[in-house]
2 protein chains.
Amino acid sequence: MVTLGSQAVVSQFFDLTSYLKERQKLVEEALDQSLPIIRPEKIYESMRYSLLAGGKRLRPILCLTTCELMGGTIEMAMPTACALEMIHTMSLIHDDLPAMDNDDYRRGKLTNHKVYGEDIAILAGDGLLAYAFEYVATQTRNVAPQKIIEVIARLGRTVGAAGLVGGQVLDLESEGRQDITTDTLTFIHTHKTGALLETSVVSGAILAGASDEDVQRLSRYAQNIGLAFQIVDDILDITATQEELGKTPRKDLQAQKVTYPSIWGIEASREQAQALVDEAIAQLAVYEEKAEPLRAIANYIVTRKH
Amino acid sequence: MVTLGSQAVVSQFFDLTSYLKERQKLVEEALDQSLPIIRPEKIYESMRYSLLAGGKRLRPILCLTTCELMGGTIEMAMPTACALEMIHTMSLIHDDLPAMDNDDYRRGKLTNHKVYGEDIAILAGDGLLAYAFEYVATQTRNVAPQKIIEVIARLGRTVGAAGLVGGQVLDLESEGRQDITTDTLTFIHTHKTGALLETSVVSGAILAGASDEDVQRLSRYAQNIGLAFQIVDDILDITATQEELGKTPRKDLQAQKVTYPSIWGIEASREQAQALVDEAIAQLAVYEEKAEPLRAIANYIVTRKH
């Protein structure tokens, strides 16, 4: 495994950079087509502004990847892949609001409310969230209806108080407090970041008709990379520049947030992230070389620079 | 048809007051059970505060009523009925925010953000919206999966930019402007109020397996009562007291909003509302006495005092 420049990761067996680039292009095209602008134009423009603002598209790509791994097609998973990015975007728009994290920049651009105002930003988030469910329900083809319902149920649980929303609430409550335990921190991250990554991985498999055993194995893979992803995020908040991150760095320090590196230190946090990635990759043994994309993505999570 | 006191409506054939009371009780119980409090408690308390704050429960009741009219059962429709109220509640919480309509009171109680803060209120709305879809997907029994997906698709469309969100955007843009046309006003209301009432009526029928013809007939019923409902709302904003409304009256006047009564005058608005209700009731002829609850509800909409 060699790291080239800021993002390129080349394995002996698998070219992740090309893989991600190709999938990212497919996802960008699908997202662009998913949301035409009609009356009232302003809300669609606001939704598109954030939805098409770039980003790694890691969640949709994971969904497509596991669907193919389990014998399904990209077409079967694409509406859900788009929905995952709509949900992720909605959570970013709402988290950035003045009443929450009060962020001015995201992915190197002004945040939604800085461009469109708070009212429209709140509504753009609501619109994207609702559209995610509509999109899965109306656009998914060649999948058994029961599987579509299962994916919708998981998406709902992932966004709600049992997922993203619950994680954000505990995150807000924890701000400025120095007595946060590792347990609470892990609750925040498994809900705020982990849940959506897990649903991304698992929903692709469900759409392909994967067995319960496969779904559980991929869940464990996802839980491990989800936590590793957050630890690396916390580390990058300390070590990366604004240019690398595309958003304001050192927000956690300024907000006096307890993070993994603030509890364990940077070096031990890096080791912990690596251990989680190793554990994630161990789940994939049974899939042999077919799981190479998932292995490479897991490795990418700990080596990424933004 | 006789109006007794502020709400009681008794027809020769049908006691709407008892009917609404009995259904309201069923809905209240189902809503109460739908959302237990777990960690993090604050968000569940905030969601329950608004979800269980009373209200007429007109949307869930319409859903139950049309499901029964089309040969289905209350049990088949109850999860969707609850979801409709979760969505309605979410739209009220977000519309009341300082960045939007900035309301302090709703249903006679402090608005969500006045009690829990803006951040939690935004998240409570998000949580309720996500939970609505999860709830329909996980709790609906004895309904063909394809019908459940159809209802989820309609719910999504109803909340999103093509429904509530789009209506609210145009409403915000129209505030303080005196050049609003009747067309724009009707766009606002068919999206902001009409869409959810229509989905309430239609989703119950879809769950019961109604034919396309029945669904279309009930759609027209719903579109007419939806617009009548909004016209009466606008009239009540002018004529009702705070006590009757449970929220601040004369908000429209203060905000210099163009409304139906501001364009047509109160008397002509009342006549228009009555004409729409008559048209709604005309759609129901084919169902004979079985549609008596829907007729009584349509009449109630124009005679209600809050």
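Residue numbers begin at 1 in each chain, while the letters A, B, ... track the order of the sequences. Basis for what follows: all heavy atoms, side chains included, without hydrogens, waters or symmetry-related copies.
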### Task
Ignoring hydrogens and angles, state whether a donor on the side chain of B:T186 or B:Y260 is under 3.5 Å from an acceptor on the partner side chain.
yes
### For chain A, the option from B:A153, B:G167, B:A124 that forms the most heavy-atom pairs under 4.5 Å
B:A153
### Message
Quick check on B:L123 against chain A: is it the side chain, the backbone, both or neither that has a heavy atom closer than 4.5 Å?
### Response
both
### Top contributor to chain B contacts, counting heavy-atom pairs under 4.5 Å, from A:A137, A:A162, A:A161
A:A161
#### Entry: Which of A:D126, A:L170, A:I152, A:T138 touches chain B most, by non-hydrogen pairs under 4.5 Å
A:D126
### Query
Are side-chain N/O atoms of A:Q216 and A:D212 paired as donor and acceptor at under 3.5 Å?
no
### Salt bridge flag under 4.0 Å for residues A:D171 and A:K257
yes
### Task
With a 4.5 angstrom heavy-atom cut-off, could you sort out which part of B:E150 is near chain A: side chain, backbone, both or neither?
neither
### Summary
Answer key: most heavy-atom pairs under 4.5 Å with chain A among B:V165, B:T158, B:L155, B:L172 is B:V165
### Query
By a 4.5 Å heavy-atom criterion (distance strictly below it), what part of A:R39 contacts chain B: side chain, backbone, both, or neither?
both
### Message
Is it the case that over 12 heavy atoms from other parts of the model lie below 6.0 angstrom from the CZ atom of A:R157?
### Response
no
### Summary
So, the part of B:L164 with a heavy atom under 4.5 Å from chain A: the answer is neither
### Atom group of A:Y44 that falls short of 4.5 Å from chain B, counting heavy atoms
side chain
## Note on the structure
Whatever's closer than 4.5 Å to a heavy atom in chain A on B:Y135 counts as neither
### Top of A:V159, A:I149, A:L129 for chain B proximity - count of heavy-atom pairs under 4.5 angstrom
A:I149
## Note on the structure
A:R107 and A:L92 have their tightest heavy-atom pair at NH2-CD1, 3.9 Å
#### Entry: Among A:M47, A:E173, A:H191, residue most engaged with chain B (heavy-atom pairs, under 4.5 Å)
A:E173
### Residues which pass side-chain hydrogen bond (donor to acceptor under 3.5 Å, both in side chains) with A:Y131, listed by chain and number, not counting sequence neighbours
none
### Query
Got a second to check how far B:I148's CD1 is from B:T140's OG1, nearest 0.5 Å?
5.0 Å
### Query
Which of the residues B:R154, B:H94, B:Q146 is involved in the greatest number of heavy-atom pairs with chain A at under 4.5 angstrom?
B:H94
### Query
What part of A:L97 lies closer than 4.5 angstrom to a heavy atom of chain B: side chain, backbone, both or neither?
side chain
### Query
For the residue pair B:S34 and B:M86, what are the closest heavy atoms and their distance?
OG-CE, 3.6 Å
### Task
Identify which of A:L35, A:V169, A:V136, A:D95 forms the greatest number of heavy-atom pairs closer than 4.5 Å to chain B.
A:V169
### Summary
Only one of A:D96, A:T111, A:N112, A:T89 passes side-chain hydrogen bond (donor to acceptor under 3.5 Å, both in side chains) with A:R106, and that residue is A:D96
### Query
Would the number of heavy atoms belonging to other residues, nucleotides or ligands and lying under 6.0 Å from NZ of B:K114 be above 12?
no
